[in-house]
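This report refers to the structure that appears directly beneath it.
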Amino acid sequence: MLVQTHLDDVQYDTDCIHLLEIAPPPTEMAVLCAQAASIGEMPKWHRWLVFLVGIFETMVWSGTVFGWASLVHVLKTMGVYSHLCKESLHQVYSLSNNATQEVDGAMLLLTDSTQLACSSQDQQFALIYTVACVLYSIPGILLGYCLHHFGLAVTRVLGGLLISSGFILLALTTADSPSYLWGAAIFLSVGGNIIRMAGLQLGNLFPERRNTAIAIISGMFTPSAGMFIILQYAREAGLPWANICAGFAAVASLILLLTPLMPRHHVPYTDEVETQDEVKDEKVILKPVRESIFSWSNLFHTYWVFSNMFCVVLFSTYFNSWINKFSETTDEAAHYSLMYGYANILCFFISPLPGLLVDTIAGKFQKGKTGLQKHIASVQATIIPMILVTLTVTVQLGSLMFQGSAAVYIGLMCLTINRPSCLAVGNPLIRIRFPVEHFNRVIGFQGTAVALLTLLQYPHFTWAQYQPYIALAVTLAALFLNLLHPLHLCSKTYLSRVLSFDQSHSQEKPTKV
C-alpha cells in the first residue's frame with residue numbers, strides 16, 4: 001500500500017510490505033519487516049499474548065520513577081545526601097546502622113533513634129525528582145517520531161536498555177556516592193516513558209473495544225509507581241542494596257527478550273484484510289499532522305493533561321516533607337510512606353474503569369446515530385469522566401493544606417482514582433478526536449509540552465517552602481481552568497466542523513491512474 005501524504009507526513013504504514021514488493025530482500029530482512037497487514041491476520045491468541053505482555057511491562061516499568069516518595073524514604077535511611085544537613089542537628093530519618101557523622105564541625109553519633117529533618121536534603125531530592133519528571137516526557141515528540149519511522153521493536157529495545165541501566169546506577173548509589181542517583185532517576189524516567197508510549201498502540205489489537213484497551217494500557221503506568229515499595233520492603237528485610245537493584249535490572253531485561261513477540265513495526269489500525277488490488281490502487285491523503293497538533297482541541301487537552309499531572313506530581317513531591325511535619329515518630333512516617341506505595345498498587349484495579357466508563361457512555365450516546373453524529377457522540381462520551389478527574393485532583397491537592405491522618409488517607413484515595421484516570425481518559429480522546437495516523441506524534445508532542453511546563457515544579461516547591469498556602473491556593477485556582485476543555489467539547493457545532501474536516505481529508509481518494 002503506497003500512502004501519499006503531505007510533506008510532514010511520511011509513509012510508514014506498510015513500508016515493509018512495499019519494500020518487499022519492489023525488491024525482495026534477504027531472508028533476514030524479510031523476517032525483520034514481516035508483520036500482519038491487518039488485525040484480522042493476527043491470531044486471537046497472539047493478540048491477547050501481546051496485549052498481556054504490554055500490560056505487564058506498562059504496569060511494572062512505565063512509571064517506576066513516580067514512586068519517588070518510597071525511594072526517598074529508603075535513600076534517607078541509607079544516609080544519601082545527609083552531608084547537606086550540617087545546618088540542622090534534629091533528624092527525622094534514622095540511619096539504617098549506627099554511624100558517626102560530622103555536623104558543623106562536631107562529630108555526632110547517629111543512632112537508630114536519632115532523627116533527621118533537613119530542608120537542604122529534601123530540596124536536593126525534590127530537584128532530582130523534578131528533573132526526572134521533566135525528562136520523562138520531554139523526549140516524547142522524538143519518541144513519537146521514533147515509533148512512527150523506526151517502529152515498535154526498535155523503540156522497545158531502547159526502553160529496556162535504559163531501565164536496566166537505571167537500576168544498575170541505583171545499585172551504585174550510596175551515602176559515599178550519591179551522584180549516581182541523577183543518572184538512575186533520568187534513565188528510569190526516560191525508559192519508563194518509552195515503554196508507556198510503545199504500549200499505547202496496543203489498543204488497536206481490539207477494534208471493538210479500543211477505548212477500553214487504550215484506557216487499560218494508559219492507566220497501567222500508575223501501579224508501576226508502587227515498585228519502589230518492594231524495594232523498601234527488601235531493604236528493611238536486610239537484603240544488600242546492590243543485590244536488590246541488580247534483581248530489578250535483571251527482570252527489566254525481559255523487555256528485550258519479549259520484543260520478538262510484538263509486531264515489528266506497528267500494530268495494524270484495522271481488522272479488515274485488504275486485497276492485493278486495493279493495496280496497489282488505493283491512495284489515502286492525510287491532512288498535515290501540524291493541523292492536529294496545533295488545533296484548539298489539542299491545545300486545551302494538553303493544558304488539561306498538564307495541570308492534572310502537574311498537581312499529582314506536586315502531591316508526590318510534597319508528600320514526604322508533608323507527613324514529616326505532623327508525624328510524631330519515624331514509624332508513623334514510614335507507615336504513611338507504605339500507604340503511598342499501596343495506593344499506587346491499588347491503581348491497578350482502578351485502571352480498567354475509566355475506559356469501561358467511556359465505552360459505556362459512548363454506547364448510550366451513540367445509540368441510533370450513524371456517521372458524523374456517531375463520531376461526535378464518541379468524543380462527547382469523555383466529558384463526564386474528564387470532569388470527575390479534575391474534581392478528584394482538586395481534592396487531592398487540597399488535602400496538602402491540612403495535617404493529620406484523615407488528610408493523608410483522603411489524598412491517597414483520590415490519588416488511587418485520578419492517577420490512572422487522567423491518561424486513561426485523555427489518550428482515548430486523542431485516538432477518537434484525531435486521525436489515527438497522527439496518534440503517536442500527537443501523544444509525543446503533548447508529552448514534550450507537558451514536560452516543559454513541568455519545569456515549574458521545582459520553583460513551585462521552593463515557593464511552597466516559604467508560602468505553602470498561597471502556592472497551593474494559586475495551583476488549585478488554576479485547576480478550575482481545566483473545565484474549559486470538557487466544556488468546549490459540549491459544542492456539537494464545533495465538533496461537526498472539525499470532525500467533518502478530518503474525515504474529508506482522511507477519506508479522500510484520488511482518481512485511479
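Note that CD1 of Ile128 and CG of Leu181 are 4.0 Å apart. Values are rounded to the nearest 0.5 Å. Annotation: the span from Asn427 atom CG to Leu200 atom CG amounts to 5.0 Å, rounded to 0.5 Å. Rounded to the nearest 0.5 Å, atoms OH (Tyr342) and CD1 (Ile229) are 5.0 Å apart. The distance from atom NE2 of His301 to atom CD1 of Ile430, rounded to the nearest 0.5 Å, is 4.0 Å. Taken to the nearest 0.5 Å, the OG atom of Ser491 stands 9.0 Å off from the CD1 atom of Ile376. One finds the CG atom of Leu299 at 10.0 Å from the CD atom of Gln446 (value rounded to the nearest 0.5 Å).
Side-chain contact between Asn308 and Asn418 is absent, with no heavy-atom pair separated by less than 4.5 Å. A heavy-atom distance below 4.5 Å is not found between the side chains of Tyr336 and Trp322. By the 4.5 Å heavy-atom criterion applied to side chains, Thr382 and Arg433 are not counted as neighbours. The shortest distance between side-chain heavy atoms of Phe439 and Arg441 does not fall below 4.5 Å. Looking only at side-chain heavy atoms (C-beta outward), Arg419 and Ser316 come within less than 4.5 Å of each other. Contact annotation: the side chain of Met339 never approaches that of Ile323 to less than 4.5 Å [non-hydrogen atoms, C-beta and beyond]. Looking at Asn193 and Leu135, their side chains never come closer than 4.5 Å, going by heavy atoms from C-beta outward. Looking at heavy atoms from C-beta onward, Phe66 lies out of side-chain contact with Phe228 at the 4.5 angstrom threshold.
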Original post:
Under the side chain to side chain contact (heavy atoms under 4.5 Å, CB included) criterion, do Lys76 and Asp122 qualify, and how do the steps go?
Top reply: CA-CA 10 Å; Lys76 283 185 174 182; Asp122 286 337; 2.5 Å; yes
Original post:
Given the rule in the side chain to side chain donor-acceptor pair (under 3.5 Å) test, do Trp304 and Thr390 qualify, once you have shown the distances and angles that lead to the verdict?
Top reply: CA-CA 9 Å; Trp304 183 84; Thr390 298; 3.2 Å; yes
Subject >> Stepwise side chain to side chain contact (heavy atoms under 4.5 Å, CB included) test for Lys367 and Phe365 >> reply: CA-CA 6 Å; Lys367 191 173 182 180; Phe365 283 9; over 6 Å; no
Original post:
Can Tyr318 and His460 be said to form a side chain to side chain donor-acceptor pair (under 3.5 Å), step by step?
Top reply: CA-CA 10 Å; Tyr318 296 151; His460 191 285; 2.4 Å; yes
**OP:** I would like to know whether Phe125 and Leu71 meet side chain to side chain contact (heavy atoms under 4.5 Å, CB included); could you show each step before the answer?
**Re:** CA-CA 10 Å; Phe125 284 124; Leu71 178 62; over 6 Å; no
**OP:** Decide side chain to side chain donor-acceptor pair (under 3.5 Å) for Ser292 and Ser295; before the verdict, give the C-alpha distance in whole Å, the side-chain angles of both, and the deciding distance to 0.1 Å.
**Re:** CA-CA 5 Å; Ser292 293; Ser295 65; over 6 Å; no
**OP:** Show the numbers, then the answer: is there a side chain to side chain contact (heavy atoms under 4.5 Å, CB included) between Leu346 and Phe349?
**Re:** CA-CA 6 Å; Leu346 287 175; Phe349 301 99; 4.1 Å; yes
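The environment of Tyr303 atom OH is dense: over 12 non-hydrogen atoms of other residues, nucleotides or ligands sit within 6.0 angstrom.
Residue Val74 comes nearest to Trp241 through the heavy atom pair CG1-CZ3, 3.7 Å, listed as atom of the first residue, atom of the second, then distance. Considering all non-hydrogen atoms of both residues, Gly63 and Ser224 come closest at N-OG, 2.7 Å. Counting all heavy atoms, side chain and backbone alike, Leu152 lies closest to Ala198 at CD1-O, 3.3 Å. Residues Gly199 and Ile217 come closest through the heavy atom pair O-CG2, 3.2 Å. Taking all atoms of both residues into account, the shortest heavy-atom contact from Val425 to Pro385 is CG2-CB, 3.8 Å. Between Met262 and Gly54, the shortest heavy-atom contact is CE-N, 4.2 Å.
Side-chain atoms of Ser337 do not come within 3.5 Å of backbone N or O of Ala333 as any donor-acceptor pair. Looking at Arg47, its side chain does come within 3.5 Å of a backbone N or O of Leu205 through a donor-acceptor pair. In this structure a side-chain-to-backbone donor-acceptor pair under 3.5 Å is present from Gln121 to Val80. Counting only distance, with no hydrogens or angles, the side chain of Thr58 and the backbone of Ile55 share no donor-acceptor pair below 3.5 Å. Remark: the backbone N or O of Ala334 is not paired with any side-chain donor or acceptor of His73 at under 3.5 angstrom.
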Please list, one pair per line, the donor and acceptor atoms closer than 3.5 Å that link side chains of residues 397-413 to other protein atoms, with sequence neighbours excluded.
residue, atom, partner, partner atom, Å
Ser399, OG, Gln396, O, 2.5
Tyr409, OH, His335, NE2, 3.0

Identify each donor-acceptor pair in which a side-chain atom of residues 185-192 lies under 3.5 Å from a protein atom, sequence neighbours left out, and give them as a table.
residue, atom, partner, partner atom, Å
Ser189, OG, Ala132, O, 2.4
Ser189, OG, Tyr136, N, 3.1

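Qualifying side-chain contact (heavy atoms from CB on, under 4.5 Å) partners for Val60, counting only residues two or more places apart in sequence or in other chains: Phe56, Met227. Listed by chain and number, the residues in a ring-ring contact (aromatic ring centres under 6.0 Å, His included) with Phe445 are Phe294 (sequence neighbours excluded). Partners of Phe300 under the ring-ring contact (aromatic ring centres under 6.0 Å, His included) rule, at least two apart in sequence or in another chain, are Trp296, His488. A search for side-chain contact (heavy atoms from CB on, under 4.5 Å) contacts involving Ile383 returns Gln380, Ile387, Pro486, Leu489, Cys490, not counting sequence neighbours. Thr155 meets the side-chain contact (heavy atoms from CB on, under 4.5 Å) test with Cys146, Leu147, Ile194; sequence neighbours excluded. Remark: Gln124 engages no residue in a side chain to side chain donor-acceptor pair (under 3.5 Å) (not counting sequence neighbours). For the ring-ring contact (aromatic ring centres under 6.0 Å, His included) test, residues two or more places apart in sequence or in another chain that qualify with Phe167 are Trp61, Phe248.
Screening residues 443-461 for salt bridge (Lys or Arg N to Asp or Glu O under 4.0 Å) gives no qualifying pairs among residues at least two apart or on separate chains. Judged as a side chain to side chain donor-acceptor pair (under 3.5 Å), the pairs with a partner in residues 156-171 (not counting sequence neighbours) are, in order, Glu57-Arg156, Arg156-Thr259. Within the structure, salt bridge (Lys or Arg N to Asp or Glu O under 4.0 Å) contacts touching residues 331-355 (residues at least two apart or in different chains) do not occur.
Ring-centre distance between Tyr340 and Trp68: not below the 6.0 Å cut-off.
For the side-chain contact (heavy atoms from CB on, under 4.5 Å) with Thr394, the qualifying choice from Leu479, Thr475, Val389, Asn482 is Leu479, the only one to do so.
The aromatic rings of Phe51 and Trp48 sit perpendicular, their planes meeting at an angle over 60°, well past the 30° parallel limit.
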